[in-house]
2 protein chains.
Amino acid sequence: MDIPDIIISRLPRYLHILEYLSRQGIQTTSSQEMGVLLGLSSAQIRKDLSQFGEFGKQGTGYEIPFLIQQLRNILKVNQTWKIALVGAGDLGHAIARYQGFENRGFYIAAVFDKDPEKIGRSIGTLRIEDIKTLAPRIREEGIRIAMLTVPAAEAQAVTNDLVVAGIQAILNYAPVVLKVPTGVLVKDIDPINSLQHMTYYVGK
Amino acid sequence: MDIPDIIISRLPRYLHILEYLSRQGIQTTSSQEMGVLLGLSSAQIRKDLSQFGEFGKQGTGYEIPFLIQQLRNILKVNQTWKIALVGAGDLGHAIARYQGFENRGFYIAAVFDKDPEKIGRSIGTLRIEDIKTLAPRIREEGIRIAMLTVPAAEAQAVTNDLVVAGIQAILNYAPVVLKVPTGVLVKDIDPINSLQHMTYYVGK
DNA sequence: TAGATTGTTAATCGATTAACAATC
DNA sequence: TAGATTGTTAATCGATTAACAATC
């Protein structure tokens, strides 16, 4: 019982389209329909889901609200996670104002920056806090996940602080390969990697 | 001669750390050293690179400037690509102001929005243009790549316009699965997918 | 019942790794 | 030369797909 990470990586996409279908008022779907929407084979979707239980019915497929509930449980987003956002530059501001987190399992609980000009200012209902208070505030709030939007040159130092503060997962927007101890997860959001991947295929 | 996409997907990361090592003033590296930096096996890196040629020397490894040049050629980022940015909201503004594109093969050549309040305003040196002029402007500028930062509800309609205008690759920030004809590439940047992937592993 | 679709097995396909001769 | 590291082969490992009995 140790499910391949590549399967886990597809579950958020399954959940996402199920929520989309549900918003359309659709109650039931099939591995076939999901596969068309995601560009995957129906066999793969059935195989992936069967790792966690028997969620469907022969002949009719999957009850969407039930499958959503199951996937939220599996991914642990039936609860709402607090996030610490570190770096209140342009990108940090955009993320802090983004409305899409809350009903998908997350909300920004605190924002930090080191710039005295920014500390104390507000982004929506959030107040920008002094990065010096990062560790105590993260512990105080019981935050386990951070989003990192500081400049590349500062990313590793801030990461070290986050690790000390007990952060267990970091979504890193800085174009840097972060070093973290085992047990701490990092995922990178680097648009340039995605763009360069596509230019390989795009005609000159 | 059709190289697996999973290999292509790693090349931008190779290029990225080589540029990093180069900035440190380092001239030479090995598959071993690159593997440590990226968390990959040295065998995999050698195998990946060997798909495209013999870039190393036994005993000494890889000349960094030479390997950078080769990877840029392969990924076609030895030229600079124009990008159309569609959607001048918070995220669009953050991307338009981001300094990190230019020396990695890209620059934002035009920004579009549909809001009359925004059209005509500036973001840095860029003027926000009317989205109604999307297709002619993209053709005029010879733009092949777009970044999409419009609201989810508008993403598919704008995508259709981009396709008609001849765009060949779309980096999509809207939390929506876009439908495009074959021949048009789409890559999604969805932080929530990444966060939900991590929460599977993070203790409650 | 007839039609549809699941969960699962076995076969296929593809990717990664170990190992080493070649050679700088 | 001795040490290091490549490029590549063969073996291993893992993921995807095809197919179908079970059954709603």
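Labels below follow one simple rule: chain letters A, B, ... track the order of the sequence lines, proteins then strands, and each chain is numbered from 1. Values below: every heavy atom of this structure, side chains too, minus hydrogens, waters and symmetry copies.
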Think B:Arg10 has a side-chain N or O under 4.0 angstrom from the OP1 or OP2 of C:dT16? yes
Should B:Tyr62 be listed as having a side-chain N or O under 4.0 Å from OP1 or OP2 of D:dA4? no
CD1 of A:Ile8 versus P of D:dA15: gap in Å, rounded? 11 Å
Whole-Å distance between C:dT16 P and B:Ile7 CD1? 7 Å
Carboxylate-amine/guanidinium contact B:Arg10 B:Asp5, below 4.0 Å: no
Would you kindly give the CD1-to-C1' distance between A:Ile3 and D:dT16, to the nearest whole Å? 17 Å
Quick one: pull up CD1 in A:Ile123 and CG in A:Leu85 and give me the separation to the nearest 0.5 Å. 7.0 Å
May I ask you to check whether B:Phe101 and B:Tyr98 place their ring centers less than 6.0 Å from one another? yes
Over how many whole Å does the gap from B:Gln32 atom CD to D:dT6 atom P extend? 9 Å
Please report the distance, rounded to the nearest Å, between CD in B:Glu63 and P in C:dC24. 14 Å
Gap between atoms CD and P, on B:Gln44 and C:dA18 respectively (whole Å): 11 Å
salt_bridge(A:Arg137, A:Glu141) N-O dist < 4.0 Å: yes
Over all atoms of both residues, closest heavy-atom pair of B:Ile64 and B:Ser22: CG2-CB, 3.9 Å
Between B:Glu129 and B:Lys114, does any side-chain N to carboxylate O distance fall below 4.0 Å? no
Taking Watson-Crick and G-U wobble contacts under 3.5 angstrom, with | marking pairs to another strand and [ ] crossing pairs, the secondary structure of DNA chain C is written ..||||||||||||||||||||||
Atom CD1 of A:Ile6 and atom C1' of C:dC13: how far apart are they, to the nearest Å? 14 Å
Can a donor-acceptor pair be found, under 3.5 Å and without considering hydrogens, that links the side chain of B:Thr199 to the backbone of A:Leu75? yes
Given that A:Asp48 and A:Gln58 both sit by DNA chain D, which one's nearest nucleotide is further toward the 5' end? A:Asp48
Presence of A:Arg46 side-chain N/O under 4.0 Å of C:dG7 phosphate oxygens OP1/OP2: no
Does OP1 or OP2 of C:dC24 have a side-chain N or O of B:Thr60 closer than 4.0 Å? no
Result for 5'-nearest mapping on DNA chain D, choosing between A:Lys57 and B:Ser30, is B:Ser30
Specify the separation, in whole Å, of atom NZ of B:Lys47 and atom C1' of C:dA15. 8 Å
OP1 or OP2 of D:dT6 under 4.0 Å from side-chain N/O of B:Ser31: yes
